[in-house]
Protein chains: 2
Amino acid sequence: MQHYEARATIAKALGHPSRLLILEALAEKDMCVCELTELVPADQSTVSKHLAVLKHAGIVSVRKEGVKTYYRMKIQCLEGFWKCIESVLKQNLKDHRVALGA
Amino acid sequence: MQHYEARATIAKALGHPSRLLILEALAEKDMCVCELTELVPADQSTVSKHLAVLKHAGIVSVRKEGVKTYYRMKIQCLEGFWKCIESVLKQNLKDHRVALGA
DNA sequence: TGACTTTATGGTAATATTGCCATAGAGGCA
DNA sequence: TGCCTCTATGGCAATATTACCATAAAGTCA
(Lines give C-alpha, C1' and ligand atoms only; values in the text may rest on other atoms or scores of the structure.)
Protein backbone atom coordinates (compact mmCIF):
# COMPACT_ATOMS: atom_id res chain seq x y z
CA MET A 1 0.00 0.00 0.00
CA GLN A 2 2.94 2.33 0.58
CA HIS A 3 3.83 1.89 -3.07
CA TYR A 4 0.69 3.87 -3.75
CA GLU A 5 1.54 6.48 -1.13
CA ALA A 6 4.48 7.71 -3.19
CA ARG A 7 2.34 8.00 -6.29
CA ALA A 8 -0.43 9.68 -4.35
CA THR A 9 2.03 12.29 -3.11
CA ILE A 10 2.90 13.13 -6.71
CA ALA A 11 -0.72 13.27 -7.77
CA LYS A 12 -1.72 15.39 -4.81
CA ALA A 13 1.04 17.85 -5.61
CA LEU A 14 -0.48 18.17 -9.09
CA GLY A 15 -3.95 18.64 -7.65
CA HIS A 16 -4.10 22.40 -7.37
CA PRO A 17 -4.68 24.97 -10.13
CA SER A 18 -1.98 27.33 -8.90
CA ARG A 19 0.58 24.56 -8.84
CA LEU A 20 -0.35 23.52 -12.36
CA LEU A 21 0.07 27.09 -13.49
CA ILE A 22 3.48 27.18 -11.83
CA LEU A 23 4.49 23.93 -13.48
CA GLU A 24 3.47 25.11 -16.91
CA ALA A 25 5.63 28.20 -16.40
CA LEU A 26 8.56 26.14 -15.19
CA ALA A 27 8.24 23.89 -18.22
CA GLU A 28 9.39 26.87 -20.27
CA LYS A 29 12.28 27.97 -18.11
CA ASP A 30 13.58 28.11 -14.57
CA MET A 31 11.97 30.88 -12.58
CA CYS A 32 12.52 32.53 -9.22
CA VAL A 33 9.83 32.88 -6.60
CA CYS A 34 9.47 36.57 -7.37
CA GLU A 35 8.63 35.84 -11.02
CA LEU A 36 6.19 33.10 -10.10
CA THR A 37 4.55 35.35 -7.56
CA GLU A 38 3.75 37.84 -10.32
CA LEU A 39 2.30 35.03 -12.38
CA VAL A 40 0.12 33.35 -9.78
CA PRO A 41 -2.83 35.23 -8.28
CA ALA A 42 -1.79 34.62 -4.69
CA ASP A 43 0.38 35.97 -1.93
CA GLN A 44 4.15 35.41 -2.06
CA SER A 45 3.99 33.23 1.03
CA THR A 46 1.30 31.11 -0.60
CA VAL A 47 3.39 30.67 -3.73
CA SER A 48 6.34 29.72 -1.58
CA LYS A 49 4.27 27.03 0.11
CA HIS A 50 3.02 25.69 -3.22
CA LEU A 51 6.63 25.41 -4.33
CA ALA A 52 7.48 23.54 -1.15
CA VAL A 53 4.76 21.02 -1.98
CA LEU A 54 6.16 20.51 -5.48
CA LYS A 55 9.66 20.21 -4.07
CA HIS A 56 8.59 17.65 -1.50
CA ALA A 57 6.97 15.56 -4.21
CA GLY A 58 10.21 15.61 -6.19
CA ILE A 59 8.65 17.41 -9.14
CA VAL A 60 10.90 20.46 -9.02
CA SER A 61 14.39 21.21 -7.77
CA VAL A 62 15.79 24.33 -6.18
CA ARG A 63 18.85 26.46 -6.85
CA LYS A 64 19.90 29.57 -4.98
CA GLU A 65 21.45 32.50 -6.83
CA GLY A 66 22.27 35.38 -4.57
CA VAL A 67 19.10 36.49 -2.94
CA LYS A 68 16.91 34.67 -5.42
CA THR A 69 15.72 31.08 -5.40
CA TYR A 70 15.20 29.44 -8.77
CA TYR A 71 12.93 26.49 -9.24
CA ARG A 72 13.43 23.99 -12.04
CA MET A 73 11.10 21.38 -13.50
CA LYS A 74 12.51 17.93 -12.86
CA ILE A 75 10.09 15.74 -14.82
CA GLN A 76 9.05 15.72 -18.45
CA CYS A 77 6.06 13.46 -18.01
CA LEU A 78 3.37 16.05 -17.61
CA GLU A 79 2.80 17.46 -21.06
CA GLY A 80 2.24 14.04 -22.57
CA PHE A 81 0.04 13.00 -19.70
CA TRP A 82 -2.29 15.98 -20.00
CA LYS A 83 -2.41 15.61 -23.76
CA CYS A 84 -3.49 11.99 -23.32
CA ILE A 85 -6.05 12.85 -20.65
CA GLU A 86 -7.57 15.67 -22.62
CA SER A 87 -7.84 13.73 -25.85
CA VAL A 88 -9.67 10.99 -23.98
CA LEU A 89 -12.05 13.42 -22.31
CA LYS A 90 -12.71 15.16 -25.62
CA GLN A 91 -13.48 11.84 -27.28
CA ASN A 92 -15.82 10.96 -24.43
CA LEU A 93 -17.70 14.19 -24.98
CA LYS A 94 -17.98 13.43 -28.67
CA ASP A 95 -19.26 9.91 -28.00
CA HIS A 96 -21.73 11.31 -25.53
CA ARG A 97 -23.14 13.74 -28.08
CA VAL A 98 -23.45 10.94 -30.63
CA ALA A 99 -25.22 8.76 -28.07
CA LEU A 100 -27.70 11.57 -27.53
CA GLY A 101 -28.29 11.79 -31.25
CA ALA A 102 -27.19 15.44 -31.25
CA MET B 1 -7.33 29.54 -14.57
CA GLN B 2 -10.37 27.28 -14.96
CA HIS B 3 -8.40 25.35 -17.56
CA TYR B 4 -6.27 24.24 -14.64
CA GLU B 5 -9.30 23.43 -12.51
CA ALA B 6 -10.22 20.55 -14.79
CA ARG B 7 -6.73 19.13 -14.66
CA ALA B 8 -6.56 19.62 -10.91
CA THR B 9 -9.76 17.62 -10.53
CA ILE B 10 -8.15 14.73 -12.37
CA ALA B 11 -4.94 14.95 -10.35
CA LYS B 12 -6.81 15.20 -7.07
CA ALA B 13 -8.80 12.12 -7.95
CA LEU B 14 -5.48 10.29 -8.40
CA GLY B 15 -4.19 11.62 -5.09
CA HIS B 16 -5.24 8.84 -2.76
CA PRO B 17 -3.63 5.41 -2.26
CA SER B 18 -6.94 3.55 -2.18
CA ARG B 19 -8.04 5.13 -5.43
CA LEU B 20 -4.75 4.21 -7.06
CA LEU B 21 -5.21 0.66 -5.89
CA ILE B 22 -8.70 0.65 -7.34
CA LEU B 23 -7.46 2.02 -10.65
CA GLU B 24 -4.75 -0.59 -10.94
CA ALA B 25 -7.37 -3.27 -10.41
CA LEU B 26 -9.69 -1.71 -12.98
CA ALA B 27 -6.84 -1.56 -15.48
CA GLU B 28 -7.03 -5.36 -15.56
CA LYS B 29 -10.77 -5.75 -15.87
CA ASP B 30 -14.10 -4.20 -14.97
CA MET B 31 -15.04 -4.83 -11.39
CA CYS B 32 -18.10 -4.39 -9.21
CA VAL B 33 -18.09 -2.50 -5.94
CA CYS B 34 -18.26 -5.74 -4.01
CA GLU B 35 -15.06 -7.03 -5.60
CA LEU B 36 -13.28 -3.74 -5.04
CA THR B 37 -14.43 -3.65 -1.45
CA GLU B 38 -12.68 -6.96 -0.85
CA LEU B 39 -9.55 -5.54 -2.42
CA VAL B 40 -9.35 -2.20 -0.64
CA PRO B 41 -8.81 -2.09 3.11
CA ALA B 42 -11.78 0.15 3.80
CA ASP B 43 -15.49 0.08 4.39
CA GLN B 44 -17.86 -0.51 1.49
CA SER B 45 -19.28 2.97 1.85
CA THR B 46 -15.78 4.41 1.70
CA VAL B 47 -15.01 2.48 -1.47
CA SER B 48 -18.26 3.68 -2.97
CA LYS B 49 -17.28 7.27 -2.27
CA HIS B 50 -13.83 6.78 -3.75
CA LEU B 51 -15.49 5.46 -6.88
CA ALA B 52 -17.74 8.50 -6.98
CA VAL B 53 -14.65 10.71 -6.96
CA LEU B 54 -13.13 8.79 -9.86
CA LYS B 55 -16.42 8.92 -11.72
CA HIS B 56 -16.77 12.66 -11.20
CA ALA B 57 -13.27 13.19 -12.58
CA GLY B 58 -14.19 11.20 -15.69
CA ILE B 59 -11.58 8.53 -15.02
CA VAL B 60 -14.00 5.63 -14.79
CA SER B 61 -17.44 4.85 -16.14
CA VAL B 62 -20.29 2.93 -14.58
CA ARG B 63 -22.50 0.11 -15.77
CA LYS B 64 -25.30 -1.55 -13.84
CA GLU B 65 -25.88 -5.29 -14.12
CA GLY B 66 -28.71 -6.48 -11.98
CA VAL B 67 -27.92 -5.63 -8.43
CA LYS B 68 -24.27 -5.03 -9.15
CA THR B 69 -22.53 -1.91 -10.36
CA TYR B 70 -19.47 -2.39 -12.54
CA TYR B 71 -16.82 0.24 -12.89
CA ARG B 72 -14.62 0.52 -15.96
CA MET B 73 -11.38 2.33 -16.55
CA LYS B 74 -11.88 5.04 -19.13
CA ILE B 75 -8.31 6.28 -19.65
CA GLN B 76 -5.13 4.52 -20.69
CA CYS B 77 -2.80 7.33 -19.74
CA LEU B 78 -1.87 6.19 -16.26
CA GLU B 79 0.49 3.29 -16.75
CA GLY B 80 2.80 5.27 -19.01
CA PHE B 81 2.64 8.27 -16.73
CA TRP B 82 3.68 6.35 -13.63
CA LYS B 83 6.40 4.57 -15.56
CA CYS B 84 7.77 7.95 -16.64
CA ILE B 85 7.53 9.42 -13.15
CA GLU B 86 9.19 6.50 -11.47
CA SER B 87 12.04 6.28 -13.95
CA VAL B 88 12.75 9.96 -13.36
CA LEU B 89 12.67 9.59 -9.60
CA LYS B 90 14.91 6.54 -9.78
CA GLN B 91 17.39 8.43 -11.93
CA ASN B 92 17.34 11.31 -9.46
CA LEU B 93 18.19 8.94 -6.65
CA LYS B 94 21.07 7.53 -8.69
CA ASP B 95 22.39 11.01 -9.48
CA HIS B 96 22.09 11.92 -5.83
CA ARG B 97 24.16 8.94 -4.76
CA VAL B 98 26.82 9.78 -7.39
CA ALA B 99 26.88 13.39 -6.19
CA LEU B 100 27.53 12.12 -2.68
CA GLY B 101 30.37 9.97 -3.99
CA ALA B 102 28.72 6.85 -2.60
C1' DT C 1 -44.13 -11.27 0.19
C1' DG C 2 -39.87 -11.70 2.85
C1' DA C 3 -35.06 -12.40 3.24
C1' DC C 4 -30.84 -11.39 1.30
C1' DT C 5 -27.27 -8.95 -1.43
C1' DT C 6 -25.44 -4.89 -3.45
C1' DT C 7 -24.75 -0.09 -3.61
C1' DA C 8 -25.21 4.85 -2.50
C1' DT C 9 -25.92 8.55 0.70
C1' DG C 10 -26.56 11.44 5.02
C1' DG C 11 -24.45 12.34 9.37
C1' DT C 12 -20.47 13.29 11.90
C1' DA C 13 -15.82 13.50 13.78
C1' DA C 14 -10.98 13.59 12.74
C1' DT C 15 -7.57 15.23 9.85
C1' DA C 16 -5.49 17.83 5.96
C1' DT C 17 -5.23 21.62 2.90
C1' DT C 18 -5.30 26.32 1.74
C1' DG C 19 -4.38 31.29 2.08
C1' DC C 20 -3.27 35.36 4.23
C1' DC C 21 -0.75 38.11 7.63
C1' DA C 22 3.21 39.06 10.15
C1' DT C 23 7.79 38.33 10.52
C1' DA C 24 12.54 36.63 10.43
C1' DG C 25 16.73 35.63 7.96
C1' DA C 26 19.85 36.18 4.23
C1' DG C 27 21.99 38.64 0.42
C1' DG C 28 23.12 42.96 -2.11
C1' DC C 29 24.46 47.60 -2.19
C1' DA C 30 25.11 52.57 -1.12
C1' DT D 1 25.98 50.02 9.02
C1' DG D 2 21.44 50.81 7.20
C1' DC D 3 18.13 49.83 3.92
C1' DC D 4 16.25 47.31 0.43
C1' DT D 5 14.70 42.92 -1.92
C1' DC D 6 13.76 38.08 -1.84
C1' DT D 7 12.24 33.98 0.39
C1' DA D 8 10.56 30.82 3.96
C1' DT D 9 7.96 29.87 8.07
C1' DG D 10 4.75 30.17 12.17
C1' DG D 11 0.12 31.29 13.36
C1' DC D 12 -4.53 30.98 12.47
C1' DA D 13 -9.08 30.68 10.39
C1' DA D 14 -11.77 28.78 6.64
C1' DT D 15 -12.57 25.00 3.88
C1' DA D 16 -12.03 20.29 2.08
C1' DT D 17 -11.10 15.49 2.55
C1' DT D 18 -11.54 11.14 4.63
C1' DA D 19 -13.61 7.25 7.10
C1' DC D 20 -16.88 5.09 9.58
C1' DC D 21 -21.70 4.02 10.96
C1' DA D 22 -26.41 3.67 10.00
C1' DT D 23 -29.62 3.30 6.69
C1' DA D 24 -32.34 3.42 2.46
C1' DA D 25 -33.18 1.94 -2.27
C1' DA D 26 -33.17 -1.51 -5.66
C1' DG D 27 -32.55 -6.12 -7.57
C1' DT D 28 -32.82 -11.34 -6.90
C1' DC D 29 -34.88 -15.35 -5.58
C1' DA D 30 -37.25 -18.77 -2.80
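In what follows, chains are A, B, ... by sequence order, proteins preceding strands, each numbered from 1. The model shown is predicted, which means the values in this text are computed figures rather than measured ones.
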Between protein and nucleotides 25-30 of chain D, map the contacts as a letter string: B base, S sugar-phosphate only, - none, heavy atoms under 4.0 Å, written 5' to 3'.
-BSS--
Minimum heavy-atom distance between K64(A) and T69(A), given as atom pair plus value
NZ-OG1, 3.8 Å
Closest heavy-atom pair and its distance - I75(A), I85(B)
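Here I75(A) and I85(B) meet closest at CD1-CD1, 3.6 Å.
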[X], [atom1]: over 12 other non-hydrogen atoms inside 6.0 angstrom:
| X | atom1 | answer |
| --- | --- | --- |
| E5(B) | CD | yes |
| K74(A) | NZ | yes |
| Q91(B) | CD | yes |
| H3(A) | NE2 | yes |

Using OP1 and OP2 only, check whether a side-chain N or O of H50(B) sits under 4.0 Å from dA19(D).
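Indeed, a polar side-chain atom of H50(B) lies that close.
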Can you sort out which residues in residues 11-37 of chain B have a heavy atom within less than 4.0 Å of DNA chain D? Ascending by number, please.
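Only K12(B), H16(B), R19(B) qualify.
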Within a strict 4.5 Å, meaning less than it, do heavy atoms of the L78(B) and L14(B) side chains meet?
yes
For Q44(A), does its backbone N or O pair with a side-chain atom of S48(A) as donor and acceptor, under 3.5 Å?
no
Please answer whether the main-chain N or O of V33(A) pairs with a side-chain N or O of T37(A) as donor and acceptor at a distance below 3.5 Å.
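At least one qualifying donor-acceptor pair exists.
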Rounded to the Å, how far apart are [X] [atom1] and [N] [atom2]?
| X | N | atom1 | atom2 | result |
| --- | --- | --- | --- | --- |
| Y70(A) | dT5(D) | OH | P | 16 Å |
| L54(B) | dT17(D) | CG | C1' | 14 Å |
| H56(B) | dA16(D) | NE2 | P | 13 Å |

ILVMFWY cluster, V53(B) and L39(B) together (side-chain gap under 4.5 Å):
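V53(B) and L39(B): separate clusters.
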If you restrict it to nitrogen or oxygen atoms, what contacts under 3.5 Å exist between nucleotides 21-23 of chain D and the protein, and what is each distance?
unit_1	atom_1	unit_2	atom_2	d
dC21(D)	N4	S45(B)	OG	2.9

The first and last nucleotides of DNA chain C lying within contact of chain B, meaning any atom under 4.0 Å from one of its heavy atoms, run from dT5(C) to dG11(C)
According to disulfide (SG to SG under 2.5 Å), does anything in residues 47-96 of chain A pair up with another residue at least two apart or in another chain? List the pairs.
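Disulfide (SG to SG under 2.5 Å) check on residues 47-96 of chain A returns C77(A)-C84(B), C84(A)-C77(B).
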Without placing hydrogens or testing angles, list every side-chain donor-acceptor pair under 3.5 Å for residues 15-32 of chain B, not counting sequence neighbours.
unit_1	atom_1	unit_2	atom_2	d
H16(B)	ND1	S18(B)	N	3.0
R19(B)	NE	A13(B)	O	2.7
R19(B)	NH1	H50(B)	ND1	3.0
R19(B)	NH2	K12(B)	O	3.3
E24(B)	OE1	R7(A)	NH1	3.1
E24(B)	OE2	Y4(A)	OH	2.9
D30(B)	OD1	R72(B)	NE	3.3
D30(B)	OD2	R63(B)	NH1	2.8
D30(B)	OD2	R72(B)	NE	2.8
D30(B)	OD2	R72(B)	NH2	2.8

side-chain contact (heavy atoms from CB on, under 4.5 Å) assessment of E35(B) paired with Y71(B):
CA-CA 10 Å; E35(B) 289 172 295; Y71(B) 282 82; over 6 Å; no
